[in-house]
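Structure first, then comments.
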There are 2 protein chains.
Amino acid sequence: MQKKYLTIYEKLAKEIEAKVWAAGYKLPSENELSTTYDTSRETIRKALNLLSQNGYIQKIRGKGSIVIDVDKFSFPVSGIVSFKELSQNLGLDSKTIVDSLGFIERDDSVHNALGTKPADAVWGVTRVREISGEKIILDKDYFIEEHVPLLSEETCADSIYNYIENKLELPIAFAQKEIVVEEPTAEDRRLLDLSGFSNIVVIRSHVYLEDTTLFQYTESRHRPDKFRFVDFARRVKNP
Amino acid sequence: MQKKYLTIYEKLAKEIEAKVWAAGYKLPSENELSTTYDTSRETIRKALNLLSQNGYIQKIRGKGSIVIDVDKFSFPVSGIVSFKELSQNLGLDSKTIVDSLGFIERDDSVHNALGTKPADAVWGVTRVREISGEKIILDKDYFIEEHVPLLSEETCADSIYNYIENKLELPIAFAQKEIVVEEPTAEDRRLLDLSGFSNIVVIRSHVYLEDTTLFQYTESRHRPDKFRFVDFARRVKNP
DNA sequence: CAGTATAACTTGTATAGGCAAGTTGTGCAA
DNA sequence: TTGCACAACTTGCCTATACAAGTTATACTG
């Protein structure tokens, strides 16, 4: 039995993307929706609030829910999405090259980021993402061995997240990330096609499991001309 | 009469920031909270879901709500926050210099971004943000005259958002933004302290009112060494 | 005709109750 | 002691109801 409010949300979201409900016009009222979907108004409201949070509709008290013009040309770095999922969604001609894989040795910055001691075993994976022939992105992932005991080259070339969530069944919950611009390191220059570029965009992420334990630290290093981050934000008023 | 779930949310959020509830430990259960706050469980759940969305807690079915270690050193470019609010919150020594103010003339890219015709009147404001003596940020804002009939130099030096929300009482609802890295323009070089920098971080925003009409287009151009974007993201699983 | 009261809609908040599903500890049975 | 069933907790989902608050169209009143 699927969750009702989620199925309704997904159905309405797809309908909005397919222009069943035209942008600028109103959705049916909550009462109408609750009868058509044969459910309670609260369940409808849960679905509509999800649509509102994700930029599909704008709710106005007393009036209704207006459909927002969704330009889903979005490159959603927002949210936690793996590179495999991303390139699949966008239909990109992409390739992943595993540069190195193994336990790290005396890397204080990584141990500091993960809160581990130098004696703890930590996987280090360096991967190059090639998009239409150009080496654009350098991903450096670090996993605590306690949570991820085994990592093979095949899983790294495929999707680590798929392995972690479906094979290991670890519940990935949330991430804190920051985006900054830095100067390329020697490694960046060696592994990426950076001729002529003097900056690199670095996305640092701390990824946590459901029990709030930190289990991964990641640096995703992007060539600046190919980097794009799209966000939808609601205004919050402070009183 | 304040909204109950909001006051409970704010109270718990402040308590978590003040370490009343230690990170890694559990909040009281929903039933306990509903008795202490003399309210229903659903109201408590609304407050807790807000805490969860904003990265304060992690809810686990069957167990409880674990407090997340919030590092609020965050520079929240996420969400729609004005520069005035931002520098106030962070206690920065900042200054705003209005470089130019008036109606724009034949700027096709702006008219294209705003969906206006060349004949339509559009305000253009260019402001330089100085932080501890250095000119770091160049903000170029464009407003449709239909919504914002008057703009004075004083309001621009203070806070345009304050003017728009409190004086004009326009309901700012949401924004679509993108972050990219580009080469500085001649104007960037003229107005900012950019010596030695060959890139600039550009945040482009389309800002909408509650009735989903577009009313503002903004380019916020940051010197790359001072730019930082922090985000909290929850993992969404696709089936 | 102009203005206003009002009815009929809309969404927002709050409550009470029920059942499902996951976790944890207790105590009984082998 | 070990293992298992179960009770007692937790959060997740759904329903039904009530009232508040904002919008809109209608009809009435001056």
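Proteins get letters first, then strands, A, B, ... in listed order; numbering begins at 1 in each.
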Ignoring backbone atoms, establish whether [X] has a side-chain N or O less than 4.0 Å from OP1 or OP2 of [N].
X: A:Lys63; N: D:dG22; result: no
X: B:Lys4; N: C:dT15; result: yes
X: B:Tyr5; N: C:dT13; result: yes
X: A:Lys3; N: D:dG12; result: no
X: B:Arg45; N: D:dG12; result: yes

Using whole Å, what does the distance between atom [atom2] of nucleotide [N] and atom [atom1] of [X] come to?
X: A:Ile44; N: C:dG12; atom1: CD1; atom2: C1'; answer: 16 Å
X: B:Asp211; N: D:dG22; atom1: CG; atom2: P; answer: 17 Å
X: B:Lys59; N: D:dT10; atom1: NZ; atom2: P; answer: 12 Å
X: B:Leu50; N: C:dG12; atom1: CG; atom2: P; answer: 14 Å
X: A:Lys46; N: C:dT11; atom1: NZ; atom2: P; answer: 18 Å
X: B:Gln2; N: D:dA21; atom1: CD; atom2: P; answer: 13 Å
X: A:Ile60; N: D:dT24; atom1: CD1; atom2: C1'; answer: 13 Å
X: B:Arg61; N: C:dC19; atom1: CZ; atom2: P; answer: 16 Å

Problem set entry | Non-neighbouring partners of A:His111 that pass side chain to side chain donor-acceptor pair (under 3.5 Å), sequence neighbours left out | A:Thr116
Problem set entry | Trace of the side chain to side chain contact (heavy atoms under 4.5 Å, CB included) decision for A:Leu48 with A:Leu27 | CA-CA 10 Å; A:Leu48 292 187; A:Leu27 285 185; 3.9 Å; yes
For this session: Let me know, please, whether B:Ser65 or B:Glu210 comes out on the 5' side of the other along DNA chain D by nearest nucleotide.
Result: B:Ser65
Exercise. Is it true that B:Glu42 and B:Lys46 make a salt bridge, defined as a side-chain N closer than 4.0 Å to a carboxylate O?
Worked result: no
For this session: Hey, could you give me each pair passing salt bridge (charged side-chain N to carboxylate O under 4.0 Å, His left out) that has a residue in residues 21-31 of chain B? Not counting sequence neighbours.
Result: B:Glu30-B:Arg41, B:Glu30-B:Arg45, B:Glu30-B:Lys59
Exercise. Just wondering, are more than 12 heavy atoms of other shown residues or ligands nearer than 6.0 Å to CD in A:Gln53?
Worked result: yes
Problem set entry | Ring centroid separation B:Phe229 to A:Phe229 under 6.0 Å | yes
Exercise. In residues 24-42 of chain B, which residues come under 4.0 Å of DNA chain C by heavy atom?
Worked result: B:Thr39, B:Ser40, B:Arg41, B:Glu42
For this session: Please tell me which of B:Thr43 and A:Gly62 maps to the more 5' nucleotide of DNA chain C, matching each residue to the nucleotide holding its nearest heavy atom.
Result: A:Gly62
Exercise. Among A:Phe143, A:Tyr142, A:Phe103, which one satisfies ring pair (Phe, Tyr, Trp, His ring centres under 6.0 Å) with A:Trp123?
Worked result: A:Phe103
